[in-house]
Amino acid sequence: MPRTPKTIAVNGFAIFSPVHLSPGLWRHPDDRSLEFDTLRYWTDVARTLEAGRFDSIFIADGIGIHDVYAGNADAALSTAAQIPKLDPMLLVSAMAAVTEHLGLGITASVSYEPPFTLARRFSTLDHLTRGRIAWNIVTGYSAAASRAVGRADIMAHDPRYDLADEFLDAVYALWEGSWDDGAVIADRDRGVFADPSRIRKVHHQGQHFKVDAIHLVHPSPQRTPFLFQAGASHRGKDFAARHAEAVFLGEHSKTRTAANVAETRARAQAFGRNANDIRFFGLITVIVGETRAEAEAKYRDYQRYTDPKGALALLSGWTGIDLSRYSLDDPFPTIKKDNAVTSMIDTFAASERAWTIRDIITHNFIGGRGPVVIGSPAEVADELQSWIAETDLDGFNLSYAITPGGYRDFADLVVPELQRRGVYKTDYAPGTLREKTFGAGHARLPDTHPAARFRFDAAASRAQALASV
Ligand SMILES: Cc1cc2nc3c(=O)[nH]c(=O)nc-3n(C[C@H](O)[C@H](O)[C@H](O)COP(=O)(O)O)c2cc1C
């Protein structure tokens with residue numbers, strides 16, 4: 001029996017900066033990136049995404065400046081290559097206020113603050129968004145970010161993930177285990193807000209973190225936010241297989257994407273999880289017109305605004321390799337660094353073609369390292385469906401050349417075509433982001449998820465209370 005085609009999920013990929021993955025395009029007359037520091041721009045983006053039935057907005061972040069190129073931040077600063085970069089946690093309430101269903105995904109690192117304060121902010125946002133918040137868990141790959149918070153250098157690659165595992169144990173304990181479901185009574189007549197016997201202190205004594213506190217926030221609709229992850233190294237996949245509900249991949253090859261998806265699903269099963277409890281999203285950029293000729297003309301127009309210096313600043317920052325030391329026609333130096341997105345280096349090293357630096361920055365001019373699909377609505381839909389069929393991806397993080405035009409073109413031209421083909425939702429499912437993604441009855445993480453073992457256990461809590469008498 002033929003498999004029913006999967007519904008394609010789509011997130012709008014964004015950053016709180018004038019440049020995300022298309023350096024130079026902020027100069028295009030139809031681009032609104034320079035309004036990035038206004039609420040009006042972001043509420044317009046949120047409305048555009050919800051009108052197009054996007055699943056979420058997914059906001060990249062990191063506190064490091066791209067200062068690897070030529071050993072300083074000049075190239076990044078002069079081209080706005082992800083600097084300025086503002087705090088996306090402060091954007092989300094405004095976008096939640098003008099939408100009803102759109103998921104709101106925020107990247108935040110486990111490396112620069114204690115679990116307690118981060119857990120509090122996510123719980124706050126989960127309440128204010130009525131359960132639409134997602135956390136893209138990153139460990140931070142930037143040496144500049146480490147120096148910014150007073151450390152001499154960045155922690156080595158694999159130990160960063162060990163620290164992340166411990167960080168998650170601590171936040172799971174706060175989100176899942178500090179307050180019991182019925183702890184909040186809010187009884188006006190009796191004047192009782194909460195039942196102290198159903199609230200307990202979290203005691204976490206780990207190698208990196210200590211927590212000895214009651215979570216400051218009462219249980220939110222999802223408790224643990226919907227968990228995204230984008231590590232793609234061996235250790236990164238292990239971490240994703242353990243914790244992630246959605247994984248974001250940045251490959252341009254279908255073969256590597258398919259291998260990644262299969263490997264992470266298999267590892268999730270080895271951890272006792274269901275292989276389908278993880279959704280996979282691939283980075284993609286779509287340039288669409290009513291006709292192929294119109295789409296190609298748009299692409300040629302966008303190319304006139306690309307900025308090689310900005311692309312070099314970004315690429316050096318991501319790979320940790322100072323590309324100013326090479327000629328543009330040198331082969332891409334596949335040097336592995338701890339302060340790097342190592343999977344990015346693997347992507348180019350493992351490619352069947354030999355990439356020069358010029359090839360890579362040219363490829364990265366528009367939308368970053370993922371595929372760029374250019375064509376009519378039918379051609380784009382064919383290509384998206386072929387990615388889904390050949391890789392087992394569940395959907396895409398849609399990057400743009402210009403914003404919000406890239407999202408709007410997708411919503412206006414590609415979404416109706418996908419809906420006609422029966423592979424794109426015509427309306428949102430009710431409930432929290434987790435329920436919209438996994439279906440009714442999935443408000444909380446499944447019992448097979450590592451967070452489940454931190455759930456409030458009334459008996460253990462009573463024992464703890466007695467022991468402290
Ligand atoms: C597609 C993709 C998107 C990413 N987005 C971010 C981000 O927004 N912020 C960040 O600090 N790291 C980001 N990363 C970096 C990863 O979280 C991770 O730190 C990095 O890839 C190194 O881990 P790995 O070697 O397991 O890939 C991203 C990585 C990929 C592959």
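All ligand and atom numbering here is 1-based and tracks the order in the structure.
Salt bridge present: Glu383 and Lys254 bring a charged side-chain N and a carboxylate O closer than 4.0 Å.
A heavy-atom cutoff of 4.0 Å around ligand 1 is satisfied by the protein residues Ala60, Asp61, Thr107, Val138, Thr139, Tyr141, His157, Tyr161, Ala230, Gly231, Ala232, Ser233, Gly236, Phe248, Gly250, Ala340, Val341, Thr342, Ser343, Arg369.
Residues passing the ring-ring contact (aromatic ring centres under 6.0 Å, His included) test with Tyr407, sequence neighbours excluded: Tyr400. For Trp42, the ring-ring contact (aromatic ring centres under 6.0 Å, His included) partners at least two apart in sequence or on another chain are Phe16. Residues satisfying the ring-ring contact (aromatic ring centres under 6.0 Å, His included) test with Phe239, not counting sequence neighbours, are Tyr161, His243.
If you look at Phe13 and Phe248, their ring centroids are closer than 6.0 Å.
Side-chain contact between Phe122 and Leu118: present, with at least one pair of heavy atoms (C-beta onward) separated by less than 4.5 Å.
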